[in-house]
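Both counts, for ligands and for their atoms, begin at 1 and track the order of listing. This chain uses plain numbering: 1 for the first residue, then up along the sequence. The figures that follow rest on heavy atoms only: side chains count, while hydrogens, waters and symmetry mates do not.
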Amino acid sequence: MMKNTQPLARVALLAAAFGLATAPFALAADEGSVARGGRLYDKWYKETNQEAPKEAHPLYPKDASYAEKPNANWRCKECHGWDGKGADGAYSSGKHFTGIKGINGMQGGDPAAVVAVLTAPAHGFGDLLSDVDLTDLANFVVHGDYGYDAYVADGKIVGDAENGGQVYRTVCANCHGAEGKLPKEMPPLGSLVGNPYEVMHKVLNGQPHEAMPALRAFDHQIAADVIAYIGAELPAE
Ligand code: HEC
Ligand code: HEC
C-alpha cells in the first residue's frame, strides 16, 4: 500500500524499485570542494593567501633539487606529483625526483584518514590550514581522479581540438585572449601543454587564488579537448 507511506520511505521504495542504492541521500563528492583541494595541492599558501614557509619542509630530501626552495618544496605536488603517483609517476626521474610515494594509494578511501596524515607532525599542516582547507585537500586526494591516463598518450593530451576550440573561445578566451598570451605575465598557454598532468590539473581545478573557473564538474574529456586545441592551434611563444 503506497497511500500511507511517509515521503522518506517512499523515496527509499522508489530507489529500490529502480535498483538504486538504498541510501537515497548519500551525495557524490562535492566537486567544488575537490577542485579547491586541487588548488591547495598546487599552492596551498597562495590559495589561502599566506606567505610561503621560509624553511624547507622536513620531509623533503636534503639532496633533492628544490631543497633550498621552501616555496617549492612545501607544495604537495612537488613531493607527490601532478599525477599523484610520486616516484612511480612522472617524477620517477629528473629535477623533481624525490623518491617519495604517491597519494594514489588513498584514492577512494576515507577522507578522515587523509586529514590525519596531513595534521600529523611529519606533514605539519595542522597549524597552517583550516578544517575546511584540510577537508578540501582530503576530498581531492580521495576523489580527485588525478591519474588522467585515459587522456594521455605519448606524453600528450589526446582530445578533439575542434570541439576544444569552441570551448576555448567561449570559456577561456575572455581572460587568456584568442592567442593564449594573456593575462598578466604568464607564459603563453601554447607553451604549457608539454606537461599534460599539470595542465589537466589546472584546467580541471583552476589556478590558486585566481578567478579562473574549474571545469571539474564537466566530463574530463572537455578539458582534454581544450588542451588538445591549445597544443594544436595556439602559439608556444
Ligand atoms: C616535502 C615532501 C612532502 C610534501 C610537501 C607533502 N608530502 Fe605527503 N608525504 C610525504 C612523505 C615522505 C610521505 C610518506 C611518509 C609519511 O606518511 O610521512 C607522504 C605521505 C602522504 C600521504 C599518505 C599516502 C599513503 O598512501 O600512505 C598523503 C595522502 C599525503 N602525503 C598527502 C599530502 C598532501 C595533500 C600534501 C599537501 C598539503 C602533502 N602530502 C605534502 C612527503 C610530502
Ligand atoms: C576569469 C579569468 C580566467 C578564465 C575564464 C580562465 N583562466 Fe586560466 N588563468 C587565469 C589567471 C588569472 C591565471 C594565472 C595567471 C598568472 O599566474 O599569471 C590562469 C592560469 C592558467 C593556467 C596556468 C598557467 C601557468 O602559468 O601555469 C592554465 C593552463 C590556464 N589558465 C588555462 C585556462 C583554460 C584552458 C581556460 C578555459 C577552460 C581558462 N584558463 C580560463 C584566468 C582565467
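Nearest protein heavy-atom neighbour of atom 25 (C) of ligand 1: K101 NZ, 3.3 Å. Remark: minimum distance from atom 24 (C) of ligand 1 to any protein heavy atom is reached at G102 O, 3.7 Å. For atom 23 (C) of ligand 1, the nearest non-hydrogen atom of the protein is M106 SD, 3.7 Å. Ranking protein heavy atoms by distance to atom 11 (C) of ligand 2, first place goes to P183 CG, 4.0 Å. At the top of the distance list for atom 5 (C) of ligand 2, counting protein heavy atoms only, stands V171 O, 3.1 Å. Of all protein heavy atoms, the one closest to atom 26 (O) of ligand 2 is P187 CD, 3.9 Å.
A donor-acceptor distance shorter than 3.5 angstrom exists from the side chain of W74 to the backbone of E55, with no hydrogens or angles considered.
Among residues two or more places apart in sequence or in another chain, the side-chain contact (heavy atoms from CB on, under 4.5 Å) test is passed with D83 by K85, A90, Y197.
Which parts of ligand 1 touch L137 is read off a 4.0 Å heavy-atom cut-off, strictly below it: atoms 35 (C), 38 (C). In summary, the atoms of ligand 2 found under 4.0 Å from a heavy atom of K184, numbered by their order in the structure, are 18 (O). The atoms of ligand 1 that sit less than 4.0 Å from any heavy atom of N73 are 1 (C), 5 (C). Residue V226 approaches ligand 2 through these ligand atoms, each under 4.0 Å from one of its heavy atoms: 35 (C). Listed by number with element, the atoms of ligand 2 under 4.0 angstrom from any heavy atom of L215 are 38 (C). Proximity to V199 (heavy-atom distance under 4.0 Å) selects the following atoms of ligand 2: 29 (C). Shown in contact with Y60 at under 4.0 Å from a heavy atom are these atoms of ligand 1, numbered in order with element: 1 (C). Within the listing of ligand 1, atoms 5 (C) sit less than 4.0 angstrom from a heavy atom of R75. Distances below 4.0 Å separate heavy atoms of W74 from the following atoms of ligand 1: 5 (C). Under a 4.0 Å criterion applied to the non-hydrogen atoms of P213, ligand 2 contributes the atoms 4 (C), 5 (C), 6 (C), 41 (C). Which parts of ligand 2 touch L192 is read off a 4.0 Å heavy-atom cut-off, strictly below it: atoms 24 (C), 25 (C).
Protein-derived N/O/S atoms nearer than 2.8 Å to atom 8 (Fe) of ligand 2 total 2, waters excluded. With waters left out, the protein N, O or S atoms under 2.8 Å from atom 8 (Fe) of ligand 1 add up to 2.
Using a 4.5 Å cut-off on side-chain heavy atoms (C-beta onward), L129 and L118 make no contact. Looking at Q207 and K43, their side chains never come closer than 4.5 Å, going by heavy atoms from C-beta outward. Contact annotation: the side chain of Q107 never approaches that of V141 to less than 4.5 Å [non-hydrogen atoms, C-beta and beyond]. By the 4.5 Å heavy-atom criterion applied to side chains, V193 and K156 are not counted as neighbours. Two residues are said to be in side-chain contact when any heavy atoms from C-beta on lie closer than 4.5 Å; T48 and L40 meet this criterion. You'll find the side chain of Y146 reaches within 4.5 Å of the side chain of I103, heavy atoms only. Using a 4.5 Å heavy-atom threshold, the side chains of Y168 and L189 count as touching.
Of all the heavy atoms of I227, none lies under 4.0 Å from any atom of ligand 2, so neither backbone nor side chain is involved. Contacts of N174 with ligand 2, taken as heavy-atom pairs under 4.0 Å, are absent altogether. Of the heavy atoms in W44, none comes closer than 4.0 Å to ligand 1. Contact annotation: for A223 versus ligand 2, there are no heavy atoms closer than 4.0 Å.
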Would you please test W44 and F125 for ring-ring contact (aromatic ring centres under 6.0 Å, His included) and show each step? CA-CA 10 Å; W44 57 267; F125 285 104; 5.5 Å; yes
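For an aromatic pair to be called close, the ring centres must be under 6.0 Å apart, and H201 with F140 satisfies this.
Look at K184 and E210 and you find a salt bridge, because one of the NZ, NE, NH1 or NH2 atoms lies within 4.0 Å of a carboxylate O, short of that distance. Using a cutoff of 4.0 Å between basic side-chain nitrogens and carboxylate oxygens, R36 and D133 are scored as salt-bridged.
Tracing side-chain contacts under 4.5 Å through hydrophobic residues (I, L, V, M, F, W, Y), one reaches V142 starting from V117; they form part of the same cluster. Residues V199 and M212 do not share a hydrophobic cluster, clusters being chains of Ile/Leu/Val/Met/Phe/Trp/Tyr side chains in contact below 4.5 Å. Using a 4.5 Å cut-off between side-chain heavy atoms of Ile, Leu, Val, Met, Phe, Trp and Tyr, with links allowed through other members, V152 and Y91 fall into the same hydrophobic cluster. Cluster membership for V114 and I100, using ILVMFWY side-chain heavy atoms within less than 4.5 angstrom, is not shared.
Within the 4.0 angstrom cut-off, atom 15 (C) of ligand 1 has no protein heavy-atom neighbours.
Taking only nitrogen or oxygen atoms, main chain and side chain alike, H57 does not reach within less than 3.5 Å of ligand 1.
Taken to the nearest 0.5 Å, the CG atom of L234 stands 10.5 Å off from the CG atom of L192. Separation of atoms CD1 (I227) and CD (E198) is listed at 10.5 Å; rounding is to 0.5 Å.
Y60 belongs to a hydrophobic cluster whose remaining members, ordered by chain and number, are Y66; membership requires side-chain heavy atoms of ILVMFWY residues under 4.5 Å apart, directly or through intermediates.
Across R39, R216, E31, a single residue satisfies side chain to side chain donor-acceptor pair (under 3.5 Å) together with N205, and that is R216.
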